[in-house]
Amino acid sequence: PDPTLCFVTNREQTGGRPLDVIVEAAVDGGVNMVQLRERDLPGGHLLNWAFRLRKITTGKALFTVNDRIDIAMLSGADGVQLGEEGIKIRDVRRIAGNSLMLGRSVHSLESAKIATWDGADFLVVGTIFPTGSHPGGVTAGPELISEIRDATDVPILAIGGVDETNIQQVTSAGANGAAVITAISRRPDPKSAAQLLLSLMSNRSDA
């Protein structure tokens with residue numbers, strides 16, 4: 001979808017509310033991609049969550065799984081999000097064929113070029129802005145989005161500290177959307193938060 005609003009899960013960032021409740025509210029608010037990213041969970045528990053989120057997103061939003069090709073295929077997910085140093089896209093194709101969309105996380109122009117050449121269906125580019133989990137970490141700013149946009153036609157999602165105060169900066173720089181966690185999960189009303197983010201992106205893209 002363009003614009004794409006991807007909600008990335010983190011069950012420790014829900015303000016004590018059940019994760020599936022947050023996801024359902026986010027999808028009701030217009031989130032059109034959900035990524036399951038619960039890195040600490042063993043496979044069986046992760047698969048259970050994948051089935052639950054697949055049910056919530058069916059017919060409403062794309063559903064992707066972070067790194068775990070097996071979980072994605074077993075749950076009927078739409079795609080997998082691969083880390084910058086993750087399995088090569090051509091190797092995933094050997095397993096999944098064309099049944100999964102393949103995203104690649106990138107942190108530099110060079111990595112974006114390599115991912116494009118390898119056949120990534122979309123790029124998740126970051127870290128764009130400071131985040132609560134890494135407040136002193138290195139950030140690239142929207143300039144990295146612009147550099148990558150000039151080098152590839154592959155859809156780009158910005159990640160890292162993106163919220164209602166800066167989401168228009170990343171779309172203005174050429175991103176097709178954004179991936180967020182706390183900009184939805186920590187808000188009192190996740191549905192309204194998602195609606196606001198989508199509205200801001202749509203207004204910017206129409207300007």
Side-chain angles (χ1 to χ4, degrees), residues 1-41 45-68 71-81 100-101 103 105 121-122 124-126 128-129 131-133 155-171 175-207:
D2 192 2
T4 296
L5 180 58
C6 176
F7 175 60
V8 181
T9 72
N10 183 335
R11 67 192 192 285
E12 303 300 325
Q13 294 287 342
T14 64
R17 297 167 293 184
L19 178 60
D20 48 354
V21 170
I22 300 294
V23 172
E24 191 160 8
V27 170
D28 287 345
V31 160
N32 44 32
M33 179 184 284
V34 173
Q35 181 192 145
L36 175 61
R37 187 172 72 177
E38 303 292 333
R39 294 169 174 165
D40 63 316
L41 286 181
H45 293 287
L46 192 65
L47 182 59
N48 287 338
W49 271 112
F51 282 132
R52 292 164 75 175
L53 300 192
R54 174 73 286 185
K55 184 176 181 180
I56 293 171
T57 54
T58 295
K60 299 178 181 179
L62 296 171
F63 175 55
T64 66
V65 178
N66 186 68
D67 259 343
R68 293 292 299 267
I71 299 294
M73 295 183 71
L74 286 168
S75 65
D78 298 297
V80 175
Q81 177 63 32
L100 295 173
M101 294 188 312
S105 296
D121 295 307
F122 63 97
V124 178
V125 179
I128 303 302
F129 302 110
T131 67
S133 57
I156 294 170
L157 302 183
I159 194 168
V162 179
D163 61 20
E164 67 277 4
T165 70
N166 56 33
I167 197 166
Q168 289 183 326
Q169 294 182 45
V170 298
T171 53
N176 302 90
V180 304
I181 303 176
T182 58
I184 289 177
S185 70
R186 299 291 295 184
R187 298 300 189 263
D189 186 345
K191 178 179 178 179
S192 295
Q195 290 171 332
L196 175 59
L197 292 169
L198 268 175
S199 174
L200 290 167
M201 283 196 293
S202 299
N203 289 340
R204 174 57 59 186
S205 63
D206 292 341

State, to 0.1 Å, how close [X] and [Y] come at their nearest heavy-atom pair, and which atoms those are.
X: E38; Y: L36; answer: CG-CD1, 3.8 Å
X: L157; Y: A178; answer: CD2-N, 4.0 Å
X: V180; Y: A183; answer: CB-CB, 4.0 Å
X: T58; Y: R54; answer: OG1-O, 2.5 Å
X: A26; Y: I184; answer: CB-CG2, 3.9 Å

Which value, rounded to the nearest 0.5 Å, describes the distance between [X] atom [atom1] and [Y] atom [atom2]?
X: L53; Y: Q35; atom1: CG; atom2: CD; answer: 11.0 Å
X: L196; Y: L200; atom1: CG; atom2: CG; answer: 4.5 Å
X: I167; Y: L5; atom1: CD1; atom2: CG; answer: 6.0 Å
X: F129; Y: T131; atom1: CZ; atom2: OG1; answer: 12.0 Å
X: F122; Y: N176; atom1: CZ; atom2: CG; answer: 11.5 Å
X: L197; Y: C6; atom1: CG; atom2: SG; answer: 12.0 Å

Using modelled atom types and a 3.5 Å cut-off, is there a donor and acceptor pairing between side-chain atoms of [X] and backbone atoms of [Y]?
X: S75; Y: A50; result: no
X: S199; Y: Q195; result: no
X: N32; Y: P3; result: yes
X: T14; Y: R17; result: yes
X: Q81; Y: V65; result: no
X: D189; Y: S192; result: yes
X: T4; Y: P1; result: yes

Apply the test side chain to side chain contact (heavy atoms under 4.5 Å, CB included) to residues N66 and R39: give CA-CA distance (whole Å), side-chain angles for both, the deciding distance (0.1 Å), then the verdict.
CA-CA 8 Å; N66 186 68; R39 294 169 174 165; 3.7 Å; yes
Taking only Lys NZ, Arg NE, NH1 and NH2, and the carboxylate oxygens of Asp or Glu, determine whether [X] and [Y] approach each other closer than 4.0 Å.
X: D20; Y: K55; answer: no
X: R187; Y: E164; answer: yes
X: D40; Y: R11; answer: yes

So do [Y] and [X] actually touch side chain to side chain, heavy atoms under 4.5 Å?
X: I128; Y: I159; result: no
X: M33; Y: F63; result: no
X: V80; Y: R68; result: no
X: L100; Y: D78; result: no
X: V34; Y: T64; result: no
X: D28; Y: K60; result: yes

Which one of V23, L19, I71 satisfies the side-chain contact (heavy atoms from CB on, under 4.5 Å) criterion with W49?
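Among V23, L19, I71, the one meeting side-chain contact (heavy atoms from CB on, under 4.5 Å) with W49 is L19.
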Please assess R186 against D163 for the test salt bridge (Lys or Arg N to Asp or Glu O under 4.0 Å), listing each intermediate value before the final yes or no.
CA-CA 11 Å; R186 299 291 295 184; D163 61 20; over 6 Å; no
